[in-house]
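Structure first, then comments.
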Amino acid sequence: MYLLEVNNLSVDFLVGGKALPAVTGVSFQVTKGEILALVGESGCGKSVSCMALARLVPEPPGVYSSGSIKFHHAEKEYDVLPLNKKDLREFRRHRISYIFQEPSASLNPVFRVGDQIAESIYLRIGKKDDGDVRNEIISLLRQVGIPEPEQKMKCYPHELSGGMQQRIMIAMALASRPDLLVADEPTTALDVTIQAQILELLRSIRKEKGMSIILVTHNLGIVADMADRVVVMYAGHVVETANTAEIMERPLHPYTLALLSAVPKLGRRSGKLATIPGNVPSPANYPCGCRFYGRCPLATSLSGEKQALCASTVPEILEKQKGHSCRCHYSK
Ligand SMILES: Nc1ncnc2c1ncn2[C@@H]1O[C@H](COP(=O)(O)OP(=O)(O)OP(=O)(O)O)[C@@H](O)[C@H]1O
Ligand code: SF4
Ligand SMILES: [Mg+2]
(Lines give C-alpha, C1' and ligand atoms only; values in the text may rest on other atoms or scores of the structure.)
(Ligands and ions follow the chains in the order given, each with its own letter.)
Protein backbone atom coordinates (compact mmCIF):
# COMPACT_ATOMS: atom_id res chain seq x y z
CA MET A 1 0.00 0.00 0.00
CA TYR A 2 1.32 3.40 -0.96
CA LEU A 3 1.45 6.38 1.39
CA LEU A 4 1.32 8.79 -1.52
CA GLU A 5 0.10 8.35 -5.08
CA VAL A 6 0.60 11.11 -7.60
CA ASN A 7 -1.24 10.43 -10.83
CA ASN A 8 -0.93 12.36 -14.07
CA LEU A 9 -0.26 15.64 -12.26
CA SER A 10 0.11 18.74 -14.40
CA VAL A 11 0.86 22.22 -13.09
CA ASP A 12 0.91 25.24 -15.40
CA PHE A 13 1.91 28.83 -14.73
CA LEU A 14 -0.18 31.56 -16.29
CA VAL A 15 2.34 34.05 -17.58
CA GLY A 16 1.42 36.90 -19.94
CA GLY A 17 -1.88 35.22 -20.81
CA LYS A 18 -0.18 31.92 -21.68
CA ALA A 19 -0.28 28.66 -19.69
CA LEU A 20 3.31 27.43 -19.33
CA PRO A 21 3.45 23.71 -18.53
CA ALA A 22 5.95 23.48 -15.63
CA VAL A 23 4.99 19.89 -14.81
CA THR A 24 3.15 17.59 -17.22
CA GLY A 25 1.49 14.26 -16.49
CA VAL A 26 3.74 13.41 -13.54
CA SER A 27 3.04 10.14 -11.75
CA PHE A 28 4.94 8.54 -8.91
CA GLN A 29 4.28 6.73 -5.66
CA VAL A 30 5.89 6.72 -2.24
CA THR A 31 5.64 3.74 0.08
CA LYS A 32 5.77 4.00 3.84
CA GLY A 33 9.29 4.35 5.18
CA GLU A 34 10.91 4.74 1.79
CA ILE A 35 13.35 7.39 0.58
CA LEU A 36 12.43 8.44 -2.94
CA ALA A 37 14.91 10.63 -4.80
CA LEU A 38 13.78 13.18 -7.38
CA VAL A 39 16.59 14.09 -9.76
CA GLY A 40 17.01 16.16 -12.88
CA GLU A 41 18.65 19.36 -14.01
CA SER A 42 17.57 22.81 -12.94
CA GLY A 43 14.10 23.79 -14.13
CA CYS A 44 12.88 20.21 -14.70
CA GLY A 45 9.97 20.61 -12.27
CA LYS A 46 11.26 18.92 -9.12
CA SER A 47 10.32 21.72 -6.73
CA VAL A 48 6.98 22.43 -8.38
CA SER A 49 6.10 18.71 -8.11
CA CYS A 50 7.04 18.73 -4.42
CA MET A 51 5.19 21.95 -3.61
CA ALA A 52 2.11 20.62 -5.36
CA LEU A 53 1.92 17.70 -2.91
CA ALA A 54 0.53 20.04 -0.24
CA ARG A 55 -0.98 22.39 -2.82
CA LEU A 56 1.68 24.96 -2.02
CA VAL A 57 2.13 26.19 -5.60
CA PRO A 58 0.51 29.65 -5.44
CA GLU A 59 -2.71 29.99 -7.47
CA PRO A 60 -2.35 32.25 -9.48
CA PRO A 61 0.01 32.10 -11.29
CA GLY A 62 -0.07 28.31 -10.78
CA VAL A 63 -2.92 26.15 -12.05
CA TYR A 64 -3.35 22.49 -11.21
CA SER A 65 -4.53 21.54 -14.66
CA SER A 66 -4.79 17.76 -14.33
CA GLY A 67 -4.23 14.78 -12.12
CA SER A 68 -4.64 13.70 -8.54
CA ILE A 69 -2.61 13.47 -5.35
CA LYS A 70 -3.84 10.78 -3.00
CA PHE A 71 -2.45 10.40 0.50
CA HIS A 72 -3.36 7.24 2.38
CA HIS A 73 -3.04 7.73 6.13
CA ALA A 74 -4.05 4.87 8.40
CA GLU A 75 -6.88 6.97 9.85
CA LYS A 76 -7.80 9.12 6.90
CA GLU A 77 -7.65 9.30 3.13
CA TYR A 78 -6.77 12.62 1.52
CA ASP A 79 -7.47 13.60 -2.05
CA VAL A 80 -5.28 16.70 -1.87
CA LEU A 81 -6.25 18.80 -4.88
CA PRO A 82 -9.97 19.08 -4.08
CA LEU A 83 -9.48 19.46 -0.29
CA ASN A 84 -11.39 22.30 1.34
CA LYS A 85 -9.42 24.94 3.26
CA LYS A 86 -9.95 23.39 6.67
CA ASP A 87 -8.91 19.89 5.62
CA LEU A 88 -5.96 21.26 3.63
CA ARG A 89 -4.74 23.09 6.73
CA GLU A 90 -5.07 19.91 8.75
CA PHE A 91 -3.24 17.92 6.05
CA ARG A 92 -0.36 20.41 5.98
CA ARG A 93 -0.08 20.49 9.77
CA HIS A 94 -0.11 16.77 10.36
CA ARG A 95 0.88 14.75 7.35
CA ILE A 96 3.64 16.48 5.42
CA SER A 97 6.62 18.69 6.29
CA TYR A 98 9.16 20.43 4.11
CA ILE A 99 12.79 21.39 4.48
CA PHE A 100 14.49 23.56 1.90
CA GLN A 101 17.97 24.41 0.75
CA GLU A 102 18.27 27.69 2.63
CA PRO A 103 17.27 27.41 6.28
CA SER A 104 17.81 31.15 6.66
CA ALA A 105 14.96 31.73 4.21
CA SER A 106 12.53 29.70 6.32
CA LEU A 107 13.60 30.68 9.83
CA ASN A 108 12.32 33.95 11.20
CA PRO A 109 15.35 36.06 12.22
CA VAL A 110 13.54 37.90 15.03
CA PHE A 111 12.38 34.88 17.03
CA ARG A 112 14.41 32.48 19.14
CA VAL A 113 14.69 29.06 17.52
CA GLY A 114 13.03 27.34 20.49
CA ASP A 115 9.99 29.59 20.08
CA GLN A 116 9.82 28.74 16.39
CA ILE A 117 9.86 25.03 17.15
CA ALA A 118 7.19 25.66 19.81
CA GLU A 119 4.98 27.22 17.11
CA SER A 120 5.20 24.01 15.08
CA ILE A 121 4.23 22.01 18.16
CA TYR A 122 1.29 24.35 18.93
CA LEU A 123 0.10 23.96 15.36
CA ARG A 124 0.13 20.20 15.77
CA ILE A 125 -1.65 20.08 19.10
CA GLY A 126 -4.00 22.91 18.11
CA LYS A 127 -3.47 25.03 21.21
CA LYS A 128 -0.88 26.99 23.14
CA ASP A 129 -0.10 24.71 26.02
CA ASP A 130 3.18 25.26 27.76
CA GLY A 131 2.95 22.01 29.73
CA ASP A 132 5.36 19.67 28.04
CA VAL A 133 6.34 21.87 25.15
CA ARG A 134 9.71 22.87 26.58
CA ASN A 135 10.62 19.21 27.13
CA GLU A 136 9.49 18.34 23.64
CA ILE A 137 11.63 21.12 22.14
CA ILE A 138 14.65 19.85 24.05
CA SER A 139 13.94 16.29 22.96
CA LEU A 140 13.57 17.36 19.31
CA LEU A 141 16.83 19.31 19.46
CA ARG A 142 18.54 16.21 20.89
CA GLN A 143 17.07 14.04 18.13
CA VAL A 144 18.53 16.30 15.47
CA GLY A 145 21.93 16.26 17.15
CA ILE A 146 22.06 19.76 18.60
CA PRO A 147 24.37 19.88 21.63
CA GLU A 148 23.33 21.80 24.77
CA PRO A 149 19.71 22.08 23.66
CA GLU A 150 18.68 24.08 26.76
CA GLN A 151 21.06 26.86 25.69
CA LYS A 152 20.61 26.53 21.94
CA MET A 153 16.82 26.88 22.09
CA LYS A 154 17.34 30.45 23.31
CA CYS A 155 19.47 31.41 20.31
CA TYR A 156 18.37 33.52 17.38
CA PRO A 157 18.95 31.90 13.97
CA HIS A 158 21.93 34.14 13.12
CA GLU A 159 23.74 32.91 16.22
CA LEU A 160 23.85 29.39 14.74
CA SER A 161 25.89 27.96 11.84
CA GLY A 162 24.24 26.93 8.56
CA GLY A 163 24.41 23.26 9.55
CA MET A 164 22.81 23.98 12.95
CA GLN A 165 20.11 26.08 11.28
CA GLN A 166 19.33 23.17 8.97
CA ARG A 167 19.03 20.90 12.04
CA ILE A 168 16.58 23.42 13.54
CA MET A 169 14.57 23.25 10.31
CA ILE A 170 14.51 19.47 10.58
CA ALA A 171 13.42 19.72 14.24
CA MET A 172 10.58 22.05 13.17
CA ALA A 173 9.62 19.63 10.43
CA LEU A 174 9.59 16.73 12.91
CA ALA A 175 7.59 18.72 15.47
CA SER A 176 4.47 18.15 13.41
CA ARG A 177 5.16 14.38 13.37
CA PRO A 178 4.55 14.09 9.64
CA ASP A 179 4.22 10.87 7.68
CA LEU A 180 6.11 12.39 4.76
CA LEU A 181 9.13 14.67 4.85
CA VAL A 182 9.95 16.50 1.64
CA ALA A 183 13.59 17.59 1.60
CA ASP A 184 14.23 19.86 -1.39
CA GLU A 185 18.01 20.02 -1.82
CA PRO A 186 18.45 20.11 1.95
CA THR A 187 22.24 20.04 1.90
CA THR A 188 23.17 21.96 -1.23
CA ALA A 189 24.08 25.11 0.71
CA LEU A 190 26.24 23.23 3.24
CA ASP A 191 29.85 22.14 3.13
CA VAL A 192 30.62 18.49 2.48
CA THR A 193 31.20 17.34 6.07
CA ILE A 194 28.04 18.99 7.38
CA GLN A 195 26.18 17.68 4.32
CA ALA A 196 27.14 14.12 5.28
CA GLN A 197 25.98 14.68 8.87
CA ILE A 198 22.60 16.04 7.80
CA LEU A 199 22.07 13.15 5.38
CA GLU A 200 22.97 10.68 8.12
CA LEU A 201 20.43 12.42 10.33
CA LEU A 202 17.71 12.07 7.68
CA ARG A 203 18.56 8.40 7.28
CA SER A 204 18.33 7.76 11.02
CA ILE A 205 15.02 9.64 11.24
CA ARG A 206 13.61 7.46 8.50
CA LYS A 207 14.76 4.36 10.32
CA GLU A 208 13.57 5.36 13.78
CA LYS A 209 10.26 6.91 12.80
CA GLY A 210 9.44 4.88 9.69
CA MET A 211 8.87 8.19 7.97
CA SER A 212 8.82 8.44 4.19
CA ILE A 213 11.16 10.98 2.62
CA ILE A 214 11.18 12.60 -0.80
CA LEU A 215 14.70 13.83 -1.37
CA VAL A 216 15.34 16.29 -4.17
CA THR A 217 18.97 16.44 -5.13
CA HIS A 218 21.30 17.27 -7.98
CA ASN A 219 23.84 14.91 -6.56
CA LEU A 220 23.78 11.33 -7.85
CA GLY A 221 26.28 10.27 -5.22
CA ILE A 222 23.70 11.20 -2.59
CA VAL A 223 21.04 9.31 -4.54
CA ALA A 224 23.19 6.17 -4.59
CA ASP A 225 23.84 6.46 -0.84
CA MET A 226 20.39 7.41 0.34
CA ALA A 227 17.53 6.50 -1.95
CA ASP A 228 15.47 3.34 -2.27
CA ARG A 229 13.94 4.47 -5.54
CA VAL A 230 14.58 7.20 -8.05
CA VAL A 231 12.36 9.37 -10.20
CA VAL A 232 14.22 11.14 -13.01
CA MET A 233 12.57 14.30 -14.34
CA TYR A 234 13.30 16.10 -17.55
CA ALA A 235 11.54 19.27 -18.73
CA GLY A 236 8.44 18.70 -16.61
CA HIS A 237 8.09 15.00 -17.43
CA VAL A 238 9.02 11.93 -15.44
CA VAL A 239 11.32 10.14 -17.90
CA GLU A 240 12.43 7.17 -15.83
CA THR A 241 11.69 5.54 -12.50
CA ALA A 242 13.16 2.43 -10.90
CA ASN A 243 14.77 1.27 -7.71
CA THR A 244 18.17 2.81 -7.09
CA ALA A 245 20.38 -0.18 -7.81
CA GLU A 246 18.45 -0.96 -10.99
CA ILE A 247 18.65 2.57 -12.36
CA MET A 248 22.34 2.88 -11.53
CA GLU A 249 23.18 -0.44 -13.19
CA ARG A 250 20.67 -0.51 -16.04
CA PRO A 251 19.53 3.00 -16.89
CA LEU A 252 17.10 2.90 -19.81
CA HIS A 253 16.42 6.50 -20.74
CA PRO A 254 19.09 8.38 -22.72
CA TYR A 255 18.76 11.32 -20.31
CA THR A 256 19.44 9.12 -17.27
CA LEU A 257 22.39 7.62 -19.14
CA ALA A 258 23.70 11.10 -19.84
CA LEU A 259 23.30 12.12 -16.19
CA LEU A 260 25.10 9.02 -15.01
CA SER A 261 27.91 9.22 -17.50
CA ALA A 262 28.42 12.85 -16.52
CA VAL A 263 29.33 11.63 -13.02
CA PRO A 264 32.88 10.29 -12.95
CA LYS A 265 32.71 8.24 -9.76
CA LEU A 266 29.42 7.16 -8.33
CA GLY A 267 29.11 6.78 -4.64
CA ARG A 268 31.33 9.79 -4.02
CA ARG A 269 29.59 12.79 -2.62
CA SER A 270 31.36 14.93 -5.16
CA GLY A 271 29.08 13.36 -7.78
CA LYS A 272 27.25 16.53 -8.78
CA LEU A 273 25.43 16.53 -12.09
CA ALA A 274 28.08 17.61 -14.55
CA THR A 275 26.94 19.43 -17.63
CA ILE A 276 25.30 17.63 -20.50
CA PRO A 277 25.70 19.55 -23.77
CA GLY A 278 22.76 21.86 -24.46
CA ASN A 279 20.07 23.23 -22.16
CA VAL A 280 16.77 22.09 -20.74
CA PRO A 281 14.12 23.81 -22.89
CA SER A 282 11.92 26.25 -20.98
CA PRO A 283 8.19 25.53 -20.64
CA ALA A 284 7.50 28.28 -23.19
CA ASN A 285 9.50 26.36 -25.81
CA TYR A 286 8.83 22.69 -25.24
CA PRO A 287 9.17 20.79 -28.50
CA CYS A 288 6.02 19.05 -29.68
CA GLY A 289 7.65 15.60 -29.65
CA CYS A 290 10.02 14.15 -27.07
CA ARG A 291 11.25 16.93 -24.82
CA PHE A 292 14.78 15.47 -24.83
CA TYR A 293 14.96 15.56 -28.62
CA GLY A 294 17.67 18.04 -29.55
CA ARG A 295 20.02 16.85 -26.82
CA CYS A 296 19.51 13.13 -27.14
CA PRO A 297 22.57 11.09 -28.17
CA LEU A 298 20.41 8.06 -28.99
CA ALA A 299 18.23 10.08 -31.39
CA THR A 300 21.24 11.36 -33.33
CA SER A 301 22.36 7.77 -33.91
CA LEU A 302 18.98 6.86 -35.46
CA SER A 303 17.86 7.02 -39.07
CA GLY A 304 15.97 10.13 -40.19
CA GLU A 305 12.75 8.17 -40.34
CA LYS A 306 13.09 7.01 -36.75
CA GLN A 307 14.12 10.47 -35.55
CA ALA A 308 10.96 11.87 -37.09
CA LEU A 309 8.94 10.00 -34.45
CA CYS A 310 11.06 11.56 -31.66
CA ALA A 311 10.51 14.99 -33.17
CA SER A 312 6.78 14.65 -33.68
CA THR A 313 5.38 12.49 -30.90
CA VAL A 314 5.74 12.62 -27.12
CA PRO A 315 6.67 9.12 -25.95
CA GLU A 316 4.46 7.50 -23.34
CA ILE A 317 6.01 6.41 -20.07
CA LEU A 318 5.87 2.61 -20.09
CA GLU A 319 6.83 -0.08 -17.64
CA LYS A 320 9.68 -1.87 -19.43
CA GLN A 321 10.49 -4.24 -16.61
CA LYS A 322 8.73 -4.76 -13.32
CA GLY A 323 9.02 -1.52 -11.35
CA HIS A 324 11.15 0.11 -14.05
CA SER A 325 9.44 2.65 -16.30
CA CYS A 326 10.85 4.76 -19.08
CA ARG A 327 9.59 7.42 -21.50
CA CYS A 328 11.40 6.84 -24.80
CA HIS A 329 10.34 5.47 -28.19
CA TYR A 330 13.59 3.59 -28.66
CA SER A 331 15.04 2.58 -25.27
CA LYS A 332 15.18 -1.16 -24.75
N1 LIG B 1 6.12 31.07 -9.86
C2 LIG B 1 6.46 30.66 -11.10
N3 LIG B 1 6.05 31.33 -12.20
C4 LIG B 1 6.38 30.91 -13.44
N5 LIG B 1 7.13 29.82 -13.70
C6 LIG B 1 7.59 29.13 -12.64
C7 LIG B 1 7.30 29.50 -11.29
N8 LIG B 1 7.89 28.61 -10.44
C9 LIG B 1 8.53 27.73 -11.25
N10 LIG B 1 8.35 28.04 -12.55
C11 LIG B 1 8.87 27.29 -13.70
O12 LIG B 1 8.53 25.93 -13.55
C13 LIG B 1 9.55 25.11 -14.08
C14 LIG B 1 9.96 24.10 -13.03
O15 LIG B 1 10.58 24.77 -11.95
P16 LIG B 1 11.12 24.04 -10.63
O17 LIG B 1 11.42 25.10 -9.65
O18 LIG B 1 10.17 23.00 -10.24
O19 LIG B 1 12.46 23.37 -11.15
P20 LIG B 1 13.51 22.48 -10.31
O21 LIG B 1 13.59 21.16 -11.01
O22 LIG B 1 13.14 22.48 -8.88
O23 LIG B 1 14.88 23.27 -10.58
P24 LIG B 1 16.11 23.57 -9.57
O25 LIG B 1 16.95 22.35 -9.63
O26 LIG B 1 16.77 24.76 -10.16
O27 LIG B 1 15.55 23.83 -8.20
C28 LIG B 1 10.70 26.03 -14.47
O29 LIG B 1 10.64 26.25 -15.86
C30 LIG B 1 10.38 27.30 -13.73
O31 LIG B 1 10.86 28.42 -14.45
S1 SF4 C 1 12.17 9.36 -27.72
FE2 SF4 C 1 13.85 9.82 -29.11
S3 SF4 C 1 14.61 11.83 -28.47
FE4 SF4 C 1 13.35 11.03 -26.82
S5 SF4 C 1 14.78 10.04 -25.46
FE6 SF4 C 1 14.02 8.46 -26.85
S7 SF4 C 1 15.47 8.40 -28.55
FE8 SF4 C 1 15.83 10.31 -27.42
MG1 LIG D 1 14.04 23.24 -7.18
Side-chain angles (χ1 to χ4, degrees), residues 9-24 26 37-53 56-65 98-102 105 182-189 214-220 222-223 231-240 251-259 272-273 275-276 278-318 320 325-332:
L9 176 71
S10 298
V11 181
D12 301 337
F13 286 102
L14 289 176
V15 180
K18 272 189 152 182
L20 303 180
V23 159
T24 315
V26 160
L38 266 188
V39 297
E41 288 163 291
S42 190
C44 283
K46 306 180 298 292
S47 295
V48 169
S49 301
C50 287
M51 301 297 279
L53 301 179
L56 288 170
V57 176
E59 298 165 90
V63 180
Y64 296 91
S65 54
Y98 287 80
I99 51 173
F100 298 101
Q101 183 172 338
E102 284 292 340
V182 180
D184 191 345
E185 308 211 30
T187 60
T188 310
I214 295 179
L215 178 66
V216 176
T217 177
H218 278 100
N219 187 319
L220 291 171
I222 291 177
V223 173
V231 170
V232 182
M233 290 193 70
Y234 185 77
H237 275 151
V238 171
V239 296
E240 185 161 4
L252 294 178
H253 196 280
Y255 179 60
T256 315
L257 269 162
L259 287 180
K272 291 219 164 109
L273 299 190
T275 42
I276 300 167
N279 295 308
V280 184
S282 84
N285 303 308
Y286 283 155
C288 55
C290 175
R291 291 184 182 171
F292 194 46
Y293 185 64
R295 293 177 88 189
C296 177
L298 176 57
T300 47
S301 72
L302 298 170
S303 68
E305 195 183 319
K306 285 189 161 172
Q307 276 194 41
L309 181 65
C310 301
S312 65
T313 309
V314 178
E316 303 259 317
I317 186 154
L318 298 173
K320 305 275 176 162
S325 301
C326 172
R327 186 190 284 281
C328 171
H329 294 303
Y330 297 111
S331 75
K332 294 198 182 79

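Just so you know, ligand 1 is whichever comes first in the structure, and atom 1 is the first atom listed for that ligand.
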Heteroatom distance test ([X], ligand 1): nitrogen or oxygen, under 3.5 angstrom:
X	result
Val15	no
Gly40	no
His218	yes
Cys44	yes

Any atoms of ligand 2 less than 4.0 Å from a non-hydrogen atom of [X]? List them with their elements.
X	answer
Tyr293	3 (S)
His329	1 (S), 6 (Fe)
Pro254	5 (S)
Leu298	7 (S)
Cys296	3 (S), 5 (S), 7 (S), 8 (Fe)

Numbering as shown, the atoms of ligand 1 that approach Ser47 to under 4.0 Å (heavy-atom distance): 17 (O), 18 (O), 20 (P), 22 (O), 27 (O)

Least distance between heavy atoms, His218 atom then Ser42 atom: NE2-N, 3.8 Å

Atom 2 (Fe) of ligand 2 to nearest N/O/S of Cys310 below 2.8 Å: yes

Part of Pro283 within contact of ligand 1 (heavy atoms, under 4.0 Å): side chain

Met233, portion touching ligand 1 at heavy-atom distance under 4.0 Å: neither

Closest protein heavy atom (residue, atom, distance) for atom 26 (O) of ligand 1: Ser42 OG, 2.4 Å

Glu305 CD: over 12 foreign heavy atoms closer than 6.0 Å: no

Contact with ligand 2 for His253, non-hydrogen, under 4.0 angstrom: yes

Nearest neighbour of atom 23 (O) of ligand 1 from the list Ala52, Gly43, Pro61, on a heavy-atom basis: Gly43

Ser47 N/O/S atom closer than 2.8 Å to the Mg ion (ligand 3): yes

Side chain, backbone, both or neither: the part of Cys328 lying under 4.0 Å from ligand 2 by heavy atom: both

Stepwise side-chain hydrogen bond (donor to acceptor under 3.5 Å, both in side chains) check, Tyr234 with Glu41: CA-CA 7 Å; Tyr234 185 77; Glu41 288 163 291; 5.1 Å; no

